[in-house]
Amino acid sequence: MALLDHENLDVYHRSIEFLTLALRLVARLPRGERDLRDQLKRAAMSVPLNIAEGSGKPAPADRARFYAIARGSAMECGALVDVCRVAGFLPAAEAQDAKTLLARIVAMLTKMCRG
């Protein structure tokens, strides 16, 4: 089976891994936390989607722009993980695992933004 360009990127696979964690967390949030649920889901989905879109752009500047957007969304996810931890919705150990994965994603995207 042929792979699309973004499917060859480790950062894409790590972002899907984080999305899986985020969706599990979203499913555990209390009913009254709809805004938090929506924000985390949107931010987590934005990372792989922007990586995929950026990898399809022929111009380096266009690719870098989408990778930068993905990087910003990953940073937002880090803050949302902190919010979930502080609110008592996420144990500290799980939050640390999520943040470690996000730090790896951000580091890769930072390098990709530079070309």
Side-chain angles (χ1 to χ4, degrees):
M1 184 164 116
L3 295 179
L4 299 171
D5 290 346
H6 64 276
E7 293 174 307
N8 292 312
L9 300 172
D10 186 41
V11 69
Y12 175 77
H13 292 283
R14 298 299 68 80
S15 69
I16 292 295
E17 183 181 343
F18 176 77
L19 176 59
T20 302
L21 293 174
L23 291 175
R24 276 194 230 126
L25 171 58
V26 161
R28 293 188 338 221
L29 290 175
R31 287 175 49 95
E33 298 298 332
R34 192 178 94 199
D35 292 341
L36 180 58
R37 179 182 294 117
D38 291 345
Q39 190 69 26
L40 179 56
K41 188 175 176 182
R42 279 195 317 273
M45 290 174 77
S46 174
V47 180
L49 294 176
N50 278 291
I51 291 168
E53 189 165 357
S55 73
K57 298 296 181 184
D62 288 337
R63 280 194 302 274
R65 190 173 110 254
F66 281 96
Y67 295 153
I69 293 167
R71 183 183 182 280
S73 293
M75 298 290 285
E76 180 181 2
C77 287
L80 287 160
V81 165
D82 288 339
V83 168
C84 289
R85 181 186 47 78
V86 168
F89 303 137
L90 187 62
E94 285 183 49
Q96 186 56 53
D97 290 345
K99 297 279 289 270
T100 298
L101 181 56
L102 285 167
R104 183 174 174 195
I105 292 166
V106 167
M108 287 188 275
L109 287 169
T110 297
K111 290 178 185 172
M112 292 169 76
C113 289
R114 295 181 187 143

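Hydrogens, waters and symmetry mates are skipped; everything else that's a heavy atom, side chains included, is used.
With hydrogens and angles ignored, the 3.5 Å screen pairs no side-chain donor or acceptor of S46 with any backbone N or O of R42. Side chain of R63 to backbone of P58: a donor-acceptor contact under 3.5 angstrom is found. With R37 contributing its side chain and L25 its backbone, the two residues share no donor-acceptor pair below 3.5 Å. For R14 (side chain) and R104 (main-chain N/O), no donor-acceptor pair under 3.5 Å exists by modelled atom type.
V11 and F66 fall into different hydrophobic clusters, defined by Ile, Leu, Val, Met, Phe, Trp and Tyr side-chain heavy atoms under 4.5 Å apart, directly or through other members. Linking ILVMFWY residues whenever their side-chain heavy atoms come closer than 4.5 Å, directly or via other members, places F18 and M108 in the same cluster. Connection of L49 to I69 is not established within any shared hydrophobic cluster, with ILVMFWY side chains joined at heavy-atom distances below 4.5 Å, either directly or through further cluster members. Hydrophobic cluster membership is shared by L21 and L36, with clusters built from Ile, Leu, Val, Met, Phe, Trp and Tyr side chains linked at under 4.5 angstrom. Under a hydrophobic-cluster definition in which Ile, Leu, Val, Met, Phe, Trp and Tyr are linked whenever side-chain heavy atoms come within less than 4.5 Å, directly or via other members, L101 and Y12 are assigned to the same cluster.
Interatomic distance, CG of D62 versus OG of S55, reported as 12.5 Å (0.5 Å rounding). Note: Y67 OH to K57 NZ = 11.5 Å, rounded to the nearest 0.5 Å. With values rounded to the nearest 0.5 angstrom, I16 atom CD1 is found 11.5 Å from L9 atom CG. To the nearest 0.5 Å, atom CG of residue D10 and atom CD of residue E17 are 9.0 Å apart. Distance check: N50 CG to S73 OG gives 6.0 Å after rounding to the nearest 0.5 Å. Here the CG atom belonging to D82 is positioned 11.5 Å from the SG atom belonging to C77, to the nearest 0.5 angstrom.
The two residues H6 and I51 make their nearest non-hydrogen contact at CB-O, 4.3 Å. Closest non-hydrogen pair, P48 versus L19, comes out as CG-CD2, 4.3 Å. Taking all atoms of both residues into account, the shortest heavy-atom contact from C113 to A64 is O-CB, 3.4 Å. Pairing each heavy atom of A74 with each of I105, the nearest pair is CB-CG2, 4.2 Å.
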Full working for side chain to side chain contact (heavy atoms under 4.5 Å, CB included) between Q39 and D35: CA-CA 6 Å; Q39 190 69 26; D35 292 341; over 6 Å; no
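Ion pairing of E94 with R28 is present here, as a side-chain N (NZ or NE/NH1/NH2) and a carboxylate O approach within less than 4.0 Å.
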